[in-house]
2 protein chains.
Amino acid sequence: MRLTKKERQSYLSQAFEQNPFLTDEEVAKKFHVSIQTIRLDRLELGIPELRERMKHMAEKKFDHVQSLSPNEVIGDVIDLQLHKSGISLLEISTEHVFERNQIARGHILFAQANSLAIALADWKVALTGNASIRFVRPVRLGEKCIAFANVAEAHDSRLHVGVQTKVQEEIVFQGDFEVYRVGDDKGN
Amino acid sequence: MRLTKKERQSYLSQAFEQNPFLTDEEVAKKFHVSIQTIRLDRLELGIPELRERMKHMAEKKFDHVQSLSPNEVIGDVIDLQLHKSGISLLEISTEHVFERNQIARGHILFAQANSLAIALADWKVALTGNASIRFVRPVRLGEKCIAFANVAEAHDSRLHVGVQTKVQEEIVFQGDFEVYRVGDDKGN
DNA sequence: TAGCATTTAGGACTAGGTATTAAAATGAGG
DNA sequence: CCTCATTTTAATACCTAGTCCTAAATGCTA
C-alpha cells in the first residue's frame, strides 16, 4: 500500500531537513504522488518553497561572514609601554563562543594575546614568528579576560613576549610569542 | 558626466560583493542605467544571477552544517576524516589582513588551523589545550591557504594534531595542537 | 451509496532571470 | 561634419520553481 498522508508528511519533513535543495518535482517522484500533493503538504507543514529556503540559508551564511570578520584588534589595549609591557581587556560575548557550550573559541584568546604582543613592538611591520601557547582552562560567555604581556627579551629585530591571560586572578591562558620586524624602518 | 563603462563595472563588482542580494533592477536604479546594461555587465564580469548567488551561499552554508555545527569554523573544511585527517581552505580577504601591509593577521591562520584541529575530534565538546605554532612566512591578501591536518596521536580523550598550512605548495604555517575532550559523551 | 477527506489536474500569474535580435544613442577620429 | 565602433536600450520569446485558485476524480467509511 501507498503511504498515508501522515506518514508521507512525516518522511517529507525529514527529507527536506536532510536535503533542503529538493524541488517539489523530485520529491513527488520519490513518493510517487503528484506535484500538487507535495505542494499541499508543504503548505500544511509550513515548509517554504525551494527558493525561499535557499534565500534563508544564504542570509544566515552572510550574517555569519560578517560577524566572523573582525578587522579590529581583538581586545581593548588599556595600557601599553612599548617594548616593555601591555594590558588588554576582552569581555567574552556571544560571537566569541561555541554555540553549543558557551565556551570561548581558542583562537579568540589567541587573537587577544597575539594582537597585544604585536602592539608591543614599535615597528612599522611586526609579525608573529613562533608561538607556544597553553589554554589553561575554558573561558565562558561573559567572563572578562585580562591579558598581561611582558617583554622577556628584546633584540633589535625580534621581541620575545610572554602573555598571561586571567579571569579574576585565575590564569586561563598562557603564551610565548616571538615577534619579528620586517624591513628596517622604525616608528609607527 | 555619467560613469564610464569601466568605472561602473568596477563599482558594480564592489556592490555585489558587499550585498549579494541585489537584483538587477535595484542595481540599475542605483546606477541610473537600464536593466539590460546591468545584465551585460554581469555577463562580462562573470557575476551570476541573484538566484545562483543565493544558491551558492546556501550550499556553502549547508556544507558547514554537515561537517560541524555552523559558524564554528574559520575556513571551509573540504575534507574531513574524523580522528585522522582534514583539509581546510581559506582565501585571505581584506578583513583578514593588516590594512597597512596587506599581510594576514597571525590569529587568522591560527584560527583556521585551530578550527580544523577541533573539527577532527568527533567529540561533543572538544577544546584546545596546548599548541605550538610557527608562522613560516607572511601570507598576503588574496592568497589561498590550504591547511592540512593529521592526527599524530590519538588517545581516548586527547588528540595530537599536526597542521601544515600551504600556499601553493609553500609552507606558510605549522602548528601542533593538543585537543582534549570535555565530559564523557562521545559522538556528535 | 452518500459524504467526507484526499489526491490530481489545469490554468493564470509571479520573480528574476537567459538568450537573441535589433535599433538607438554616444564618442572618437579623420 | 560625417562615419564607424562602442555602448546602451528595447523588445521578444523562453525558463524554473513556484503561488493561488477552481474543479474534478478518487478513496474510505459509516
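Proteins get letters first, then strands, A, B, ... in listed order; numbering begins at 1 in each.
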Between side-chain atoms of residues 152-167 of chain B and protein atoms elsewhere (two or more places apart, or another chain), which donor-acceptor pairs fall under 3.5 Å?
{"unit_1": "B:E153", "atom_1": "OE1", "unit_2": "B:H155", "atom_2": "NE2", "d": "2.9"}

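B:E44 contributes no side-chain N or O that, together with a main-chain N or O of B:Q9, makes up a donor-acceptor pair within less than 3.5 Å. Judged purely by atom type and a 3.5 angstrom limit, A:R53 uses its side chain to pair as donor or acceptor with the backbone of A:P20.
At whole-Å resolution of the value, NZ in B:K55 and C1' in C:dT18 are 15 Å apart. Taking atom NZ of B:K5 as the reference point, atom C1' of C:dA25 lies 15 Å away to the nearest angstrom. In this structure, CE of B:M54 is placed 9 Å from P of C:dG17, rounded to the nearest angstrom. Atom NZ in B:K6 sits about 14 Å away from atom C1' in D:dT7, given to the nearest Å. Here C:dT7 presents its P atom at 11 Å from CD of A:E7, a figure rounded to the nearest Å. In this structure, A:L3 places its CG atom 15 Å from P of C:dT6, rounding to the nearest Å. The nearest whole Å value for the distance from the CG atom in A:L43 to the C1' atom in D:dC21 is 12 Å. Remark: C1' of D:dG18 and CD of A:E52 are 10 Å apart, rounded to the nearest angstrom.
For B:R51, no side-chain nitrogen or oxygen approaches OP1 or OP2 of D:dC15 to under 4.0 Å.
At the heavy-atom level, B:R53 lies nowhere under 4.0 Å from the strands shown. Heavy atoms of A:R8 sit under 4.0 angstrom from primed sugar atoms or phosphate atoms, though from no base atom.
Look at B:R137 and B:E143 and you find a salt bridge, because one of the NZ, NE, NH1 or NH2 atoms lies within 4.0 Å of a carboxylate O, short of that distance.
Against DNA chain D, the stretch residues 24-41 of chain B makes heavy-atom approaches under 4.0 Å through B:V33, B:S34, B:Q36, B:T37, B:L40.
Residues B:L50 and B:L22 fail the side-chain proximity criterion, which asks for heavy atoms closer than 4.5 Å.
B:Q81 CD: more than 12 foreign heavy atoms inside a 6.0 Å radius.
Below 30°, between 30° and 60°, or above 60°: for B:W123 and B:H83 the angle between ring planes is above 60°, a perpendicular geometry.
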